[in-house]
Amino acid sequence: MIMNSDMKPLDPVLLLSFLKVCETLSFTEAARRLGLRQSSVSQHVARLERRVGRRLLERDTHEVRPTPDGDAILPFAREALEAGRRIEHYLRGSTLRGRLRLGVSEDFAYTALPEILAEFAMQHHAVDLELTVGLSGLLYEQYDAGDLDLIF
């Protein structure tokens, strides 16, 4: 199947229903885990199959299992849903915003501080960190002049 640039992305709700059915091998159990009706999960999978133009699940009265195409797209479905979770995590992250100007003496600069600041930056994307490393006396002068917010 060739995708053109006009094709819309696949609906994550449909992908999630498909993934849960594949994980549980049951529409009923997938619906229970998703907090939906079995008919809704069934409709989601049917819509996904229509959308991609392929049969993704084989069903009979006793079992459900992915087709070869269904097996092939499972990793992509997981990746797409994980990407959505990462986007939400990033955007939910920090409410802190602005700039933090840190002054650090050379003694502290070579300890665990780089790892601590890297973790802070990951958790607070909207905070710009400015780090000045220098002698304590110069750092105090910069702090007193209002050029630094915090010194260590």
Side-chain angles (χ1 to χ4, degrees), residues 1-105 108-133 142-143 146-152:
M1 179 171 161
I2 298 174
M3 293 177 59
N4 63 37
S5 60
D6 297 335
M7 188 170 277
K8 295 178 186 174
L10 295 173
D11 184 342
V13 171
L14 305 182
L15 290 174
L16 184 58
S17 287
F18 166 72
L19 184 61
K20 287 299 176 194
V21 171
C22 289
E23 288 173 351
T24 62
L25 300 177
S26 164
F27 281 89
T28 303
E29 181 59 20
R32 188 188 68 73
R33 290 186 185 186
L34 292 168
L36 300 171
R37 294 187 327 264
Q38 184 272 334
S39 61
S40 296
V41 172
S42 211
Q43 289 172 3
H44 290 167
V45 171
R47 283 178 44 206
L48 180 61
E49 289 177 327
R50 279 193 307 276
R51 174 74 164 68
V52 299
R54 303 277 178 102
R55 193 88 160 136
L56 301 175
L57 295 173
E58 292 183 18
R59 316 152 174 86
D60 63 31
T61 55
H62 300 293
E63 69 178 343
V64 177
R65 65 187 171 284
T67 64
D69 284 330
D71 275 330
I73 71 161
L74 268 172
F76 301 125
R78 284 187 183 101
E79 289 173 21
L81 293 168
E82 178 57 29
R85 283 189 285 275
R86 286 193 312 267
I87 289 168
E88 287 178 355
H89 177 74
Y90 175 85
L91 294 173
R92 250 194 335 255
S94 171
T95 57
L96 295 178
R97 301 196 183 295
R99 179 177 65 163
L100 181 58
R101 301 167 302 169
L102 301 174
V104 179
S105 74
F108 287 113
Y110 300 107
T111 62
L113 186 63
E115 291 85 18
I116 293 169
L117 293 178
E119 180 66 26
F120 179 90
M122 285 177 51
Q123 292 180 13
H124 305 285
H125 303 285
V127 175
D128 292 323
L129 290 175
E130 291 180 14
L131 182 63
T132 301
V133 177
Q142 289 177 306
Y143 178 79
D147 296 330
L148 296 174
D149 300 312
L150 183 65
I151 59 174
F152 291 99

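Along the sequence shown, residues are numbered consecutively beginning with 1.
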May I ask you to decide whether Glu49 forms a salt bridge with Arg54, counting only side-chain N to carboxylate O separations under 4.0 Å? no
Atom pair CZ/CG of Arg33 and Leu19 - distance to nearest 0.5 Å: 10.5 Å
Can you tell if the side chain of Leu34 reaches within under 4.5 Å of the side chain of Ser17, non-hydrogen atoms only? yes
Side-chain (Ser42) to main-chain (Gln38) donor-acceptor, under 3.5 angstrom: no
Between Arg85 and Glu79, does any side-chain N to carboxylate O distance fall below 4.0 Å? no
I need the Glu130 CD to Leu148 CG distance, nearest 0.5 Å. 9.0 Å
Checking Arg97 against His124 for the side-chain contact (heavy atoms from CB on, under 4.5 Å) test, could you report, in this order, the C-alpha distance in whole Å, the side-chain angles of both residues, the deciding distance, and whether it holds? CA-CA 8 Å; Arg97 301 196 183 295; His124 305 285; over 6 Å; no
His44 side chain reached by Val13 side chain, heavy atoms, under 4.5 Å: yes
Shortest non-hydrogen contact between Pro75 and Asp71, atoms and distance: CD-O, 3.5 Å
Do Leu25 and Pro66 have side chains that get closer than 4.5 Å, going by heavy atoms? yes
If you measure from CD on Glu58 to CG on Asp69, what distance do you get to the nearest 0.5 Å? 10.5 Å
Going from CZ on Phe18 to CG on Leu10, what distance comes out if it is rounded to the nearest 0.5 angstrom? 10.5 Å
Check: Arg99 and Val127 side chains under 4.5 Å, non-hydrogen atoms: no
Could you tell me if the side chain of Leu100 sits less than 4.5 Å from the side chain of Asp128, heavy atoms only? no
Could you walk me through whether Asp11 and Arg47 pass side-chain contact (heavy atoms from CB on, under 4.5 Å), step by step? CA-CA 10 Å; Asp11 184 342; Arg47 283 178 44 206; 4.0 Å; yes
Any chance you could measure Phe152, atom CZ, to Leu113, atom CG, to the nearest 0.5 Å? 7.0 Å
Are the charged groups of Arg78 and Glu82 less than 4.0 angstrom apart, N to O? no
Does atom CZ (Phe120) have a neighbourhood of more than 12 heavy atoms from anything else shown, all under 6.0 Å? yes
Within the distance-only criterion (no hydrogens, no angle test), does the side chain of Thr67 pair as donor or acceptor with the backbone N or O of Arg55 below 3.5 angstrom? yes
Start with the C-alpha distance between Cys22 and Leu57, add both sets of side-chain angles, then the distance that settles side-chain contact (heavy atoms from CB on, under 4.5 Å), and finish with yes or no. CA-CA 8 Å; Cys22 289; Leu57 295 173; 3.8 Å; yes
Non-hydrogen side-chain atoms of Arg59 and Val45 separated by less than 4.5 Å: yes
Enter the distance from Glu115:CD to Glu119:CD here, rounded to the nearest 0.5 Å. 10.5 Å
Any side-chain heavy-atom pair of Leu102 and Leu117 under 4.5 Å: yes
For Val64 and Thr24: C-alpha separation, side-chain torsions, deciding distance, then whether side-chain contact (heavy atoms from CB on, under 4.5 Å) applies. CA-CA 9 Å; Val64 177; Thr24 62; over 6 Å; no
Salt bridge or not for Arg65 and Glu63, using N-O below 4.0 Å? yes
